[in-house]
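By convention in this document, chain letters (A, B, ...) are assigned in the order of the sequence lines, proteins followed by strands, and residues within each chain are numbered from 1.
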There are 4 protein chains.
Amino acid sequence: MAREKGLKGMESRERLLAAAAEEFANRGFHETKVSTIVKRAGLTQPAFYLYFPSKEAVFDELVNAFRTRLHALIGSSRFEAQVEAQDVPKRVRMAVETFFRFLEATPHLTRIGLFLAPKAEEIKKELIALIAFNLSAEQQAGYFRSDLSMKTVAECLVGIVERLTLSQLLPGIKSPESLASQVVDLLLYGMLSMKHTSA
Amino acid sequence: MAREKGLKGMESRERLLAAAAEEFANRGFHETKVSTIVKRAGLTQPAFYLYFPSKEAVFDELVNAFRTRLHALIGSSRFEAQVEAQDVPKRVRMAVETFFRFLEATPHLTRIGLFLAPKAEEIKKELIALIAFNLSAEQQAGYFRSDLSMKTVAECLVGIVERLTLSQLLPGIKSPESLASQVVDLLLYGMLSMKHTSA
Amino acid sequence: MAREKGLKGMESRERLLAAAAEEFANRGFHETKVSTIVKRAGLTQPAFYLYFPSKEAVFDELVNAFRTRLHALIGSSRFEAQVEAQDVPKRVRMAVETFFRFLEATPHLTRIGLFLAPKAEEIKKELIALIAFNLSAEQQAGYFRSDLSMKTVAECLVGIVERLTLSQLLPGIKSPESLASQVVDLLLYGMLSMKHTSA
Amino acid sequence: MAREKGLKGMESRERLLAAAAEEFANRGFHETKVSTIVKRAGLTQPAFYLYFPSKEAVFDELVNAFRTRLHALIGSSRFEAQVEAQDVPKRVRMAVETFFRFLEATPHLTRIGLFLAPKAEEIKKELIALIAFNLSAEQQAGYFRSDLSMKTVAECLVGIVERLTLSQLLPGIKSPESLASQVVDLLLYGMLSMKHTSA
DNA sequence: AATGAATGAGGATTCATTCAT
DNA sequence: GATGAATGAATCCTCATTCAT
């Protein structure tokens, strides 16, 4: 699929990939025409098929690129050691912030891999599982309420991230830091004012 | 364009609308062919254009149907009177549950209006604003932490609902009640175990 | 084809015919839709087929109506008796004027029968033959140059009438009288100023 | 839209244009199918859209081609210098003959631009204005009767040309020369036999 | 005398993809 | 490494026309 050949070829390929990413992100799969992609890349249609077997193939490649980077990120952000209880909020916030930063860094891929791809649900399922796994460790360490399903919490967290990414992060309205602290504040402490407790 | 007369005509129109809703929900706009819709409705292609000016028009009509019902729902579920502090959780849970129930009741429209439509973002924006407005009242009544932005909370709530709808509700894995209580529990009380407080 | 039946039926038929004439005249055969005709006539599509076997049939009927009236006109305007040489110009002018008046009186039919119909060429051929025949009588009486082909003259006359009808008569710019006198003046006396003669 | 590059492309384009011209001329706009045009050009339907944005566009291009050539012709055939009175008939005849020759040389374009195009009236209007302008010069030089409106004369001339083109020239019944001399003879000297004068 | 409802047949246009160079 | 030229395969939509009432 991916030719190994010369330098110029690699560059053309990259240009096509970049053009495709932008088009897909902005217009979706069907509204993106191969003719537009190649125009943007300064090439002709047959050149496209020199590097990719089909329109779907580029799309898939972009989705996979997102997925791979995502896994790399999650893998590297595992809670390494034991932490003090009072550090938990900070650590969680850092993790969420890192995640937002990642999404912000590759906005086209984010849009494609998180919202446009048919595989998006599957990708999120994986993501949720990984997050749930991480959270469970914390829960077992006693930091989180034991009556909460970390799977559900992870799902909620991802839902929140999705929404804020679309409405605040990608449009550049709020920063990863600000979003992370708001989200974490809400999720850790809840909405109720101090006087109320119980379950 | 939408004919008024006759019973049979109305029925055909409804059948087309239903078929279109299902197809759009399952395959998306572009993958849905007019030919498939009419086949499903037991009609021929020209009949489609007897009731709708274009494929896009049916889609829009379905989106608007969702939006209208959504507004009706939100409008009717406003917190009417003063409530006791201890009743707040229950009331919030009821509201969220009602919402999930609504989404569950019209799964095709939900998929179309909430996830497929280009207008989906706009629809959610409206929804978030309405929810934020409702929550603000509670906040001013002192039930919710005053340092939280109800706009953000609403956004998070909608993000959560979106996610759970897609992964749990529509596939029939969890019920509106169960989802609502989990969500509300998390959002109201937060994740931290009892010993931790602060803001 | 043409039903004989009741009064109301006749009226509907006439309304359809009139609506069709106007539409055809303004938009041509293909751009005229049966749906538009019936709308204009305050009826529905099946009603159209109650009175005419097809769209083409109405068109043909209108063309034939024009042709019939045309023949009637020409037939009645034959030079009856011998005339004085000095009356010839006046008589010719009257004939042309009468013809313009006829065209002006039924503008829709004129447009259809003279310009739109595939048969238009044929109709004009007949017309030209009739005119040529009439002119030949005058020629033999010595009023017109004997070296001119009355067939050609008739053809030229019809060409002139066509053009002026389209550009001056139907738009209401000039009257039948004014057009007739200009045309006849030109054709009878020619363009050259008095000093020049011969052939 | 009109590709510039490559010889083969140009040839295909020309073939399409020629096929379209013939089809349009023989069947009119609506009866001409893109499928027929491409078949005639030895191509497939998509190839058509490689060179023209729509069926209408080819038609327009043909109409414009006619109009352009027409203007070129008229522009070049202006009476250059002063002429002797006795040469006027000859010059006029030459001009009309040239014009007939032009129409005969491009019969398809003639049919399209002069009879089929919605713009045909407009084109003729321009043509008439140009001819009238030319004739007025002659009139002011005293060659033509001063009581005639050259605008009207031009209009009559064009009407005659139209008619004879359709009935004699394009069917190949008469030659440009013969048509021109008949027309000019009639227009210059009129129909009346020698004894009659006056106005 | 007329209509609500429906359809057969076709026609323009689009787009991903390929061939030959 | 890249392109000019071309196509197969659909898809949406339109319109004259008819059926059953």
Side-chain angles (χ1 to χ4, degrees), chain A residues 3 5-13 30-38 42-57, chain B residues 3-13 30-38 42-56, chain C residues 3 5-13 30-38 42-57, chain D residues 3-13 30-38 42-56:
Chain A
R3 299 283 215 69
K5 298 284 198 58
L7 180 69
K8 200 159 168 225
M10 283 294 291
E11 278 175 14
S12 292
R13 192 173 200 283
H30 279 99
E31 300 291 335
T32 294
K33 314 297 174 194
V34 174
S35 62
T36 311
I37 296 176
V38 297
L43 288 170
T44 58
Q45 304 220 26
F48 180 93
Y49 292 89
L50 221 52
Y51 298 106
F52 308 97
S54 72
K55 179 178 152 186
E56 245 194 304
Chain B
R3 302 288 207 66
E4 337 267 303
K5 308 228 203 131
L7 180 69
K8 201 169 170 215
M10 283 288 297
E11 278 173 15
S12 293
R13 193 175 198 282
H30 279 99
E31 299 292 333
T32 294
K33 313 300 173 192
V34 174
S35 62
T36 311
I37 296 176
V38 296
L43 289 169
T44 57
Q45 298 225 28
F48 180 93
Y49 294 92
L50 213 53
Y51 299 106
F52 308 98
S54 71
K55 182 177 140 184
E56 241 192 308
Chain C
R3 299 282 217 71
K5 298 282 200 58
L7 180 70
K8 201 164 168 222
M10 283 293 293
E11 279 175 15
S12 292
R13 192 174 200 283
H30 279 100
E31 300 292 334
T32 294
K33 314 298 173 194
V34 174
S35 62
T36 310
I37 296 175
V38 297
L43 288 169
T44 58
Q45 306 220 25
F48 179 93
Y49 293 90
L50 221 53
Y51 299 105
F52 308 97
S54 72
K55 178 178 152 186
E56 245 194 302
Chain D
R3 302 289 206 68
E4 334 268 303
K5 308 232 204 127
L7 179 69
K8 202 168 168 216
M10 283 287 297
E11 278 173 14
S12 292
R13 191 173 200 281
H30 278 99
E31 300 292 336
T32 294
K33 312 299 174 191
V34 174
S35 62
T36 311
I37 296 176
V38 296
L43 289 169
T44 57
Q45 299 225 30
F48 179 92
Y49 294 91
L50 213 54
Y51 299 105
F52 308 98
S54 71
K55 181 177 141 185
E56 242 192 307

- prompt: Can you tell which of F/dG8, E/dA5, E/dA1 lies closest to the side chain of D/T44?
  reply: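 Given the options F/dG8, E/dA5, E/dA1, the side chain of D/T44 is closest to F/dG8.
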- prompt: Just to confirm, is there a sub-4.0 Å distance from OP1 or OP2 of E/dA5 to any side-chain nitrogen or oxygen of B/S12?
  reply: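 No, no such contact exists.
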- request: Look at the side-chain N and O atoms of C/K33 and state whether any lies under 4.0 Å from the OP1 or OP2 oxygen of F/dC15.
  value: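 So the side-chain polar atoms of C/K33 do come within 4.0 Å of the phosphate oxygens OP1 or OP2 of F/dC15, strictly under.
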For the pair made of [atom1] in [X] and [atom2] in [N], what is the distance, rounded to whole Å?
X     : N      : atom1 : atom2 : value
D/L7  : E/dT21 : CG    : P     : 15 Å
C/L50 : F/dT21 : CG    : P     : 18 Å
B/R13 : E/dA6  : CZ    : C1'   : 16 Å
B/F52 : F/dC13 : CZ    : P     : 13 Å
B/E31 : F/dA10 : CD    : P     : 13 Å
B/Y51 : F/dC13 : OH    : C1'   : 17 Å

- prompt: Which sits closer to the 5' end of DNA chain E, D/T32 or C/G42, going by the nucleotide each is nearest to?
  reply: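 Result: C/G42.
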- prompt: Could you give the distance from NE2 (D/H30) to CD (C/E31), rounded to the nearest 0.5 Å?
  reply: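 If I round to the nearest 0.5 Å, the distance is 4.0 Å.
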message: Going by side-chain hydrogen bond (donor to acceptor under 3.5 Å, both in side chains), name the residues that satisfy it together with A/E11, two or more places apart in sequence or in a different chain.
response: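 Per chain and number, A/E11 pairs via side-chain hydrogen bond (donor to acceptor under 3.5 Å, both in side chains) with no residue.
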- prompt: Sequence neighbours excluded, which residues qualify as side-chain hydrogen bond (donor to acceptor under 3.5 Å, both in side chains) partners of D/S12?
  reply: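 For D/S12 the side-chain hydrogen bond (donor to acceptor under 3.5 Å, both in side chains) partners, ignoring immediate neighbours, are D/R15.
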Nucleotides 17-20 of chain F: which of its N/O atoms have a protein N/O under 3.5 Å away?
from   : atom 1 : to    : atom 2 : distance (Å)
F/dT17 : OP2    : C/Y49 : OH     : 2.9
F/dT17 : OP2    : C/K55 : N      : 2.9
F/dT17 : O5'    : C/Y49 : OH     : 3.4

task: Identify the heavy atoms of A/R13 and A/F52 that sit nearest to each other, and give their distance.
output: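 Looking at all heavy atoms of both residues, the shortest contact is NH2-CE2, 3.4 Å.
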task: Output all residues satisfying side-chain contact (heavy atoms from CB on, under 4.5 Å) with C/Q45, sequence neighbours left out; order by chain, then residue number.
output: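 Only C/V34, C/S35, C/V38 meet the side-chain contact (heavy atoms from CB on, under 4.5 Å) criterion with C/Q45.
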message: Please enumerate all residues that pass side-chain contact (heavy atoms from CB on, under 4.5 Å) together with C/T32, with sequence neighbours excluded.
response: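 C/T32 satisfies side-chain contact (heavy atoms from CB on, under 4.5 Å) with C/E23, C/F24, C/R27, C/I37 only.
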- prompt: For DNA chain F, what is the dot-bracket line, given that a base pair needs Watson-Crick (N1 to N3, plus N6-O4 or O6-N4) or G-U wobble (N1-O2 and O6-N3) geometry with both distances under 3.5 Å, and | means paired with another strand?
  reply: .||||||||||||||||||||
